[in-house]
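Residue numbers start from 1 in every chain, and the chains themselves are labelled A, B, ... in the order their sequence lines are given, proteins ahead of strands. Below, all heavy atoms of this structure are taken into account, side chains as well, without hydrogens, waters or symmetry copies.
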Protein chains: 2
Amino acid sequence: MERNPCPLCYPADETLLWQGAEYRVIAVSEPGYPGYCRVIWNRHVQEMSQLASAERHRLMDAICAVEAVLLSLLQPITLNLASLGNQVPHLHWHIIPRFTDDPCYPAAIWAEPKRPAPARAIDPETLRVGITRALLGLHHL
Amino acid sequence: MERNPCPLCYPADETLLWQGAEYRVIAVSEPGYPGYCRVIWNRHVQEMSQLASAERHRLMDAICAVEAVLLSLLQPITLNLASLGNQVPHLHWHIIPRFTDDPCYPAAIWAEPKRPAPARAIDPETLRVGITRALLGLHHL
């Protein structure tokens with residue numbers, strides 16, 4: 001057994017919005033970024049290129065389904081998608097609605113904040129229902 | 001005609017590594033990040049979720065082919081993938097090899113740099129040949 005087990009293989013305190021066989025979707029609590037979600041591939045792999053092509057397509061379809069729900073519910077100016085894995089080398093995608101008054105806009109959310117977080121928020125249950133409906137609608141589920 | 005034409009619809013000074021009908025790959029010159037590439041969808045769309053599912057799959061396959069070439073040529077500790085579009089709302093993906101001694105590691109490259117750029121580099125021609133070979137190998141080309 002590893003001394004430091006992977007925090008995405010052995011998760012604690014995740015706010016689950018969807019749990020599937022291949023991936024799950026969680027809500028990320030980050031002040032100033034309502035609707036911030038992560039899509040986590042359940043199996044421990046590091047890079048997107050290590051997935052089989054069909055797995056990668058299913059994952060990207062799920063990411064885009066979540067993106068479309070967030071665009072519709074929150075009407076952000078844009079959506080940021082990112083797979084970094086610098087801190088946790090287990091494949092996971094950040095899906096981040098962006099607003100012109102959010103702390104870092106127009107820089108990436110990892111840049112130095114320019115302004116305080118605005119009060120905008122979204123009810124987690126609304127998010128969960130929207131994402132569940134969208135992912136149930138994907139042909140492969 | 002727009003007063004400020006989209007810089008990815010009307011590109012200037014791009015270092016092209018691959019030009020295809022749907023997308024192109026360019027080398028990004030960013031000190032400390034050798035092998036940094038962008039994959040740009042040629043048609044003007046803003047978000048990944050606006051592509052047809054098959055288009056999105058082909059784009060993600062291309063991104064992963066570039067990722068695999070960079071992993072093989074540079075042996076980075078990880079690869080970062082990101083579609084932000086905060087500054088230029090035309091779909092493009094950042095593909096960034098990361099090293100433990102790069103300016104921002106383990107933070108995202110958009111964070112405050114922690115150290116100077118190391119001297120590591122890659123010959124652009126090696127990159128172009130590797131990426132061309134990988135993309136020619138994709139079934140849909």
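Your options are B:Arg98, B:Met60, B:Glu112, and the one with the most heavy-atom pairs under 4.5 Å with chain A is B:Met60. Each of B:Pro89, B:Ala111, B:Ala65 has some count of heavy-atom pairs under 4.5 Å with chain A, and the biggest count is that of B:Ala111. Counting heavy-atom pairs closer than 4.5 Å to chain A, the top-ranked of the candidates B:Ile109, B:Ile96, B:Leu81 is B:Leu81. The residue among B:Pro106, B:Gly85, B:Ala108 with the most heavy atom pairs within less than 4.5 Å of chain A is B:Pro106. When each of A:Val66, A:Thr100, A:Leu84 is scored by its heavy-atom pairs under 4.5 Å with chain B, the top score falls to A:Leu84.
For B:Leu71, the part lying under 4.5 angstrom from a heavy atom of chain A is the side chain only. For B:Gln46, the part lying under 4.5 angstrom from a heavy atom of chain A is the side chain only.
A side-chain donor-acceptor contact under 3.5 Å links A:Lys114 to the backbone of A:Cys104. The closest donor-acceptor contact from the side chain of A:Thr132 to the backbone of A:Arg128 lies under 3.5 Å. A distance-only check finds a donor-acceptor pair linking the side chain of B:Glu67 to the backbone of A:Ser49 [under 3.5 Å]. In this structure, the side chain of A:Asn86 does not engage the main chain of B:Tyr105 through any donor-acceptor pair within 3.5 Å.
Other residues, nucleotides and ligands contribute over 12 non-hydrogen atoms within 6.0 Å of the CG atom of B:Asp123. For CZ of A:Arg115, the number of neighbouring non-hydrogen atoms (other residues, nucleotides, ligands) closer than 6.0 Å is greater than 12.
Ion pairing between a basic and an acidic side chain is recognised when a charged N comes within 4.0 Å of a carboxylate O; B:Arg58 and B:Glu55 show no such pairing.
Heavy-atom proximity under 4.5 angstrom to chain B picks out nothing from residues 27-41 of chain A.
Side-chain atoms of B:His94 and B:Asn80, non-hydrogen and from C-beta on, never get closer than 4.5 Å to each other.
The shortest heavy-atom contact between B:Pro97 and B:Leu74 is CG-CD1, 3.9 Å.
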